[in-house]
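Notes follow once the structure below has been shown.
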Amino acid sequence: MRTSQFPLNTVKETPSDAELASHKLMIRAGLIRKLAAGLYNWLPLGLKVMRKVEAVVREEMERAGALEVMMPVVQPSELWEESGRWEQYGPELARLNDRHGRAFCLGPTHEEIITDLARNEIKSYKQLPVTYYQIQTKFRDEIRPRFGIMRSREFIMKDAYSFHLNDASLQETYDRMFEAYTRIFSRLGLNFRPVLADSGSIGGNLSHEFHVLADSGEDAIAFSTESDYAANVELAEVIGTSAERATPSAEMEKISTPDQRTIGEVSQFLSVAPANCLKTLIVKAEEEGFVALLLPGDRELNEIKAEKLEGVASPLEMASDEEIKQIGSVSGFIGPLGLNIPVVADHAVLTMSDFVIGANEAGFHHKNVNWERDLPLPKTVTDLRTAQEGDPSPDGKGTITIARGIEVGHIFQLGTKYSSAMKANVLNEAGKGQTMTMGCYGIGISRVVAAAIEQSHDERGIIWSDELAPFKVALCPMNMHKSDRLRETCEKLYNELSEAGIDVLFDDRKVRAGFMFSDMELIGIPHRLVLGDRGLDSGNIEYKGRGDSENQEIPMAEIISFLKEKLQ
RNA sequence: CGGGGUGUAGCGCAGCCUGGUAGCGCAACUGCUUUGGGAGCAGUGGGUCGGGGGUUCGAAUCCCUCCUCCCCGACCA
């Protein structure tokens with residue numbers, strides 16, 4: 001390709017509304033342009049990169065035995081009503097009516113559609129297991145789209161769905177997909193990790209997310225320092241210690257703590273470590289009423305863990321100041337003593353002694369409180385904390401360290417959540433109807449492009465891996481318009497490279513050297529060849545890799561084999 | 001949805017407070033010069049000042065209203 005026929009829509013100035021490096025660079029390098037909030041046009045250069053991602057994903061899906069299908073973006077409400085998600089899904093589901101007044105939605109995902117397809121097409125256990133996949137546009141009406149393509153409303157996703165007669169077969173496909181995902185992200189040249197994940201609103205049991213590691217990532221991931229344990233902090237278990245509780249050293253005392261409401265204020269006011277203050281949170285119960293959650297003062301509640309508790313409302317809802325009054329307490333001075341609602345404690349509170357609690361009375365706390373003497377031990381004790389740096393790893397090996405990641409893939413064992421709701425049955429060997437069990441496997445194709453940039457760029461621009469690069473080689477002539485000899489040499493080299501199957505971008509614009517170099521670096525072409533009259537005399541071509549600091553002189557005759565070697 | 005901001009040429013912004021018919025930089029186009037790291041000079045084109053309504057002799061500027069986009073928060077395959 002020639003730049004005279006493939007305009008590079010690069011811009012020098014950084015857009016004012018972009019925060020993330022990937023967002024800025026995607027706009028500056030001319031990969032995307034914003035159309036409206038969370039909606040982007042993909043320019044030729046950007047689309048070329050996205051197609052590279054798709055190609056790798058397609059190859060690996062085929063290798064794993066998945067079959068490509070394509071399902072509509074616009075989906076009838078009936079199927080969503082059947083699964084129950086027409087009600088469950090909030091305003092993130094974009095709904096619309098057709099001219100006859102029939103209700104539809106823009107698909108944020110395709111479980112309902114594929115389950116409907118499968119129940120119509122698959123009748124016998126002999127047709128199982130089967131995995132379908134598609135690469136399709138999704139729409140989610142995000143509350144706050146941001147970070148460019150990273151969290152947009154419309155995006156491209158590869159989603160796959162597998163159907164099985166039993167869990168063993170599901171596990172087999174799940175493992176194969178896990179392996180396929182590992183191959184895909186490795187081939188794309190990404191630094192990534194699979195992590196244990198929450199299966200979220202999509203439902204199901206076992207689930208892994210694939211994260212590209214980057215400081216700007218929206219998710220926090222807990223890693224073990226010693227083993228390969230990795231989990232989303234949303235999910236990461238915090239195990240109880242076997243530490244003994246110290247014996248009480250002082251009598252319980254009610255003390256005046258005027259206007260000291262937060263753990264920080266109280267601990268400072270009383271000169272007590274936050275870890276020795278008991279945090280009492282009131283949340284709404286599943287049906288009527290409220291539940292009190294107890295945590296050490298220096299730890300944060302993990303809301304995902306809390307809303308999974310039996311008897312606690314999901315999604316989690318904190319009690320209002322008004323509601324706290326109704327249960328006989330005061331916001332800022334809540335404590336378990338005399339509180340007449342169910343109590344759930346994090347196991348870490350059991351080892352606390354001589355601690356501080358709210359007195360359920362404005363301006364007062366109790367100090368030197370002790371279990372069993374002043375307070376009964378809570379009946380329900382579980383894991384409520386958010387994992388933090390230094391916690392012991394749940395597998396017993398090493399401690400937890402926290403890193404940030406961008407979620408680019410997610411695989412789930414759905415089980416029969418959709419197949420039973422939508423009656424997706426097949427006949428088994430005994431000739432009896434049996435509900436199929438399902439898995440689902442997603443990759444955010446467009447997000448991968450942003451994640452790759454986030455992970456690999458410098459102050460000059462993008463640094464593509466060979467696999468993702470829109471062009472592998474940039475051919476940069478110096479002042480070609482002044483030298484016919486140079487033009488002939490470049491044209492010849494361009495043809496040779498093309499014939500050798502090397503995707504080359506020939507910069508035949510009449511622009512100055514610096515301009516050309518900055519453009520090629522901004523758009524991240526991994527290999528650059530510079531030809532000038534000077535080099536022609538010596539018979540050498542100047543080569544520089546995008547990440548290299550020095551040029552290399554390569555004899556003209558060897559340049560093709562040299563590049564083939566580089567590109568393998 | 002709550003809070004804060006914003007909207008003026010393709011992009012980035014000034015002008016608004018104190019009303020008088022729109023400007024700067026970049027980009028684009030033309031010409032000349034320049035030519036190994038985002039060139040210089042000269043010239044050209046391009047704007048319903050987010051929309052609607054009002055006040056006024058006169059509104060980008062003041063008032064009302066609707067909308068957009070951005071930031072913070074709640075949400076999240």
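The chains referred to below are lettered A, B, ... by the order of the sequence lines, with proteins before strands, and numbering in each begins at 1. Only this structure's heavy atoms are used, side chains among them; waters, hydrogens and symmetry mates stay out.
- Side chain A:Arg528 to base B:rG37: a donor-acceptor pair is found below 3.5 Å.
- The side chain of A:Glu19 lies closest to B:rC71, out of B:rC75, B:rG38, B:rC71.
- Pair assignment for B:rG20 gives B:rC57, based on Watson-Crick or G-U wobble hydrogen-bonding distances that are each under 3.5 Å.
- Rounded to whole Å, atom C1' of B:rC75 lies 13 Å from atom CG of A:Asp219.
- Note on A:Arg144: a side-chain N or O is less than 4.0 Å away from OP1 or OP2 of B:rC71.
- Phosphate proximity of B:rC70 to A:Lys34: present, with a side-chain N or O under 4.0 Å from OP1 or OP2.
- One can place CZ of A:Arg151 at 16 Å from C1' of B:rC71, the figure rounded to the nearest angstrom.
- Set against B:rC11, B:rA39, B:rC75, the side chain of A:Arg512 has B:rA39 as its closest nucleotide.
- Under the Watson-Crick or G-U wobble criterion, with both distances below 3.5 Å, B:rA39 is paired with B:rU33.
- Ring geometry for A:Phe185 against A:Phe210 counts as tilted: the plane angle lies between 30° and 60°, on a 0 to 90° scale.
- OP1 and OP2 of B:rA77 both lie 4.0 Å or more from every side-chain N or O belonging to A:Arg140.
- With a 6.0 Å cutoff to the six-membered ring centre and a 45° limit on the axis angle, A:Arg51 does not count as a cation-pi contact of A:Trp42.
- Taking the side chain of A:Glu521 as heavy atoms from C-beta on, and the options B:rG38, B:rG37, B:rG36, the nearest nucleotide is B:rG37.
- Between the side chain of A:Asp519 and the base of B:rG38, a donor-acceptor pair under 3.5 Å is found.
- Comment: A:Asp219 does not engage A:Arg404 in a salt bridge, judged by the lack of any side-chain N to carboxylate O separation of less than 4.0 angstrom.
- Here A:Lys279 does not pair with A:Glu300 in a salt bridge; the nearest charged N to carboxylate O distance is not below 4.0 Å.
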